[in-house]
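So the structure is just underneath, and the comments pick up after that.
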Amino acid sequence: MPESTAQSTQTTSPSSSGTAQFRRETSAKGEFVRQGNRFTDRITADGSSGRKVEPGRYRLIWSRACPWAHRAAIVRRLLGLEDAISLGTVDPIRDERGWRFSLDPDGRDPVLGVEFLSESYLATDPGYEGRVTVPSLVDERSGLVVTNDYPRITLDLSTEWKAFHKPGAPDLYPEDLRAEIDGVADLIFHDVNNGVYKCGFATSQEAYESAYDALFARLDWLEDRLRGQRYLLGDRLTEADIRLFTTLVRFDAVYHGHFKCNRNKITEMPVLWAYARDLFQTPGIGETVDFDQIKRHYYGTHHMINPTGVVPKGPDTSGWTTPHERG
């Protein structure tokens, strides 16, 4: 599936502060340019990739706060892969050493035995200097990272792990819709999923306003697209919906204020708000959402944007369980 992972070659920013968050991912024009994925090995059903699907062999590391990791956790649950692929959860608050396993009783992942995900990264590539990211799939036997290629991870869970899907699991990437799913998801990635970050991490007015305009133009497009159909591809829940949902569920809580995406809230867009509630109330999706960890991560780790570290009490999230009337 096409999804931009280009890495910036510029390391300076025109803002007086130098950067909004990640210096290596800030262009000379003040634009946020997301780093590429360092580990891109695949785990395939036939083992042709060099790594074969094997239940109990791999561990998915995620953060409840991170939208990219969140979608991998949702797909794992919807497909019923909990027994096939174990799950490790990092703390929503990270420091200069990155994602840490401080939620576990002894501060170490109980399977991998590491305190920080960076330990697995450096064991795999001792010269790695980029950001340590989730989701990551780690080989439990070697402790090495197989992949942090977030767009590919979920597609492979749907296609390569089929033999271990639960009975009645949804086909999130059906062959007859893949081209359309790819196209819609690519638009959503550039303008919405990554678009909110391009707003929040922009260090020039021009870069911010360009990303802001693209974001809300795409949200308006989505509002119109979903007006006459339940899901992005009609009446079938697909990968594209999961990718959009993890941004929508964070929008009012963090992106609207923290990332200055404030033309309006999702709750003020009737179709998108009903659509988002429909997905939230789908078994296997809403229970993976943790608004507390989401807010603590964004407001507590982006010190250039929120130097006080104060986490807002709102918004009221009780509306997520109200009837959506889309089913």
Side-chain angles (χ1 to χ4, degrees), residues 3 5-9 11 21-25 33-73 75-76 81-157 160-161 164 293 297 300-302:
E3 186 156 345
T5 54
Q7 187 164 2
S8 172
T9 58
T11 58
Q21 183 68 13
F22 307 116
R23 187 172 182 83
R24 292 184 179 184
E25 296 168 70
V33 185
R34 185 172 295 278
Q35 73 173 18
N37 298 315
R38 167 61 184 85
F39 305 106
T40 57
D41 284 353
R42 293 180 61 196
I43 303 165
T44 52
D46 62 6
S48 59
S49 62
R51 291 184 178 273
K52 186 177 176 63
V53 164
E54 183 181 340
R57 177 71 183 268
Y58 304 102
R59 187 161 179 79
L60 176 65
I61 307 301
W62 81 308
S63 164
R64 292 185 176 90
C66 172
W68 318 101
H70 188 190
R71 66 197 201 186
V75 170
R76 171 181 172 271
L81 291 171
E82 294 98 326
D83 292 335
I85 302 171
S86 67
L87 192 69
T89 306
V90 291
D91 196 295
I93 304 298
R94 62 175 184 228
D95 59 20
E96 67 279 358
R97 294 169 294 178
W99 298 107
R100 54 188 180 174
F101 290 99
S102 51
L103 298 177
D104 292 301
D106 60 354
R108 291 182 179 273
D109 180 86
V111 173
L112 303 176
V114 296
E115 295 181 81
F116 293 87
L117 182 56
S118 59
E119 295 174 54
S120 295
Y121 270 60
L122 292 173
T124 311
D125 178 2
Y128 184 72
E129 296 181 345
R131 267 194 305 121
V132 173
T133 63
V134 288
S136 289
L137 272 173
V138 181
D139 185 330
E140 292 187 7
R141 295 180 189 172
S142 66
L144 302 181
V145 179
V146 178
T147 177
N148 71 335
D149 188 357
Y150 57 91
R152 189 71 244 175
I153 287 174
T154 49
L155 298 185
D156 283 347
L157 292 182
E160 302 297 329
W161 289 80
F164 302 97
Q293 290 202 18
H297 167 72
T301 63
H302 299 155

> Under 3.5 Å, side chain of Asn37 to main-chain N/O of Thr40, donor-acceptor pair present?
Replying inline: no

> Which value, rounded to the nearest 0.5 Å, describes the distance between Leu144 atom CG and Leu137 atom CG?
Replying inline: 13.0 Å

> Can you tell me how far the CZ atom of Arg94 sits from the CZ atom of Arg100, to the nearest 0.5 Å?
Replying inline: 11.0 Å

> Where do Val90 and Leu103 come nearest, in terms of heavy atoms and distance?
Replying inline: O-CD1, 3.5 Å

>> Check this for me: does any side-chain nitrogen of one of Asp139 and Arg141 sit under 4.0 Å from a carboxylate oxygen of the other?
In response: no

> Of the non-hydrogen atoms in Arg131 and Tyr121, which two are nearest, and what is the gap between them?
Replying inline: O-CE2, 4.3 Å

> Is there side-chain contact between Ile61 and Leu112, with at least one heavy-atom pair below 4.5 Å?
Replying inline: yes

> Does a side-chain heavy-atom distance below 4.5 Å link Leu60 with Leu81?
Replying inline: no

>> Between Arg152 and Asp156, does any NZ, NE, NH1 or NH2 come within less than 4.0 Å of an OD or OE carboxylate oxygen?
In response: yes

>> Asp149 vs Thr147, test: side chain to side chain donor-acceptor pair (under 3.5 Å). Steps then yes/no.
In response: CA-CA 5 Å; Asp149 188 357; Thr147 177; 5.0 Å; no

> Sub-3.5 Å donor-acceptor pair from the side chain of Arg76 to the main-chain atoms of Glu82, do we have one?
Replying inline: yes

>> Working to the nearest 0.5 angstrom, can you tell me the gap between Asp109 CG and Glu119 CD?
In response: 10.0 Å

>> Once rounded to the nearest 0.5 Å, what's the spacing between atom CG of Asp46 and atom CD of Glu160?
In response: 7.0 Å

>> Treating Thr44 as the side-chain partner and Ser49 as the backbone partner, does any N or O pair qualify as donor plus acceptor under 3.5 Å?
In response: yes

> With no hydrogens and no angle check, is any side-chain donor or acceptor of Asp95 less than 3.5 Å from a backbone partner on Arg97?
Replying inline: yes

> Hey, are the side chains of Glu115 and Phe101 touching, using non-hydrogen atoms and a 4.5 Å cut-off?
Replying inline: no

> Is the side chain of Arg71 donor-acceptor paired with the backbone N or O of Thr154 at a distance under 3.5 Å, no angle test?
Replying inline: no

> Got Thr89 and Arg64 here, is their nearest side-chain heavy-atom distance under 4.5 Å?
Replying inline: yes

> In terms of ring plane angle, is the pair His297 and His302 parallel, tilted or perpendicular, where the classes change at 30° and 60°?
Replying inline: perpendicular

>> Below 30° counts as parallel, above 60° as perpendicular, anything between as tilted: where do the rings of Tyr58 and Trp161 land?
In response: perpendicular

> So, does Lys52 use its side chain to make a donor-acceptor pair with the main chain of Ala45 at under 3.5 Å?
Replying inline: yes

>> Please check: side-chain N/O of Arg59 versus main-chain N/O of Leu87, any donor-acceptor pairing under 3.5 Å?
In response: yes

>> Looking at every heavy atom in both Asp91 and Ser102, which two are closest together, and how far apart are they?
In response: OD2-OG, 2.8 Å

> Trp68 versus Pro135: any side-chain heavy-atom pair under 4.5 Å?
Replying inline: yes

> Listed by chain and number, what are the ring-ring contact (aromatic ring centres under 6.0 Å, His included) partners of Trp62, not counting sequence neighbours?
Replying inline: none

> Do side-chain atoms of Thr124 reach the backbone of Val145 as a donor and acceptor pair under 3.5 angstrom?
Replying inline: yes

>> Would you say that more than 12 heavy atoms from the other residues, nucleotides or ligands in this model lie under 6.0 Å from the CG of Asp83, or not?
In response: no

> When you look at Val138 and Val111, which way does the side chain to side chain contact (heavy atoms under 4.5 Å, CB included) test go after all the steps?
Replying inline: CA-CA 10 Å; Val138 181; Val111 173; over 6 Å; no

>> Quick one: does any side-chain atom of Asn148 pair with a main-chain N or O of Phe39 as donor and acceptor, under 3.5 Å?
In response: yes

> Can you check whether Arg42's main-chain N or O pairs, donor with acceptor, with Arg51's side chain at less than 3.5 Å?
Replying inline: no

>> Please find the pair of heavy atoms, one from Pro92 and one from Ala65, that lie closest to each other, and give the distance.
In response: CB-CB, 4.2 Å

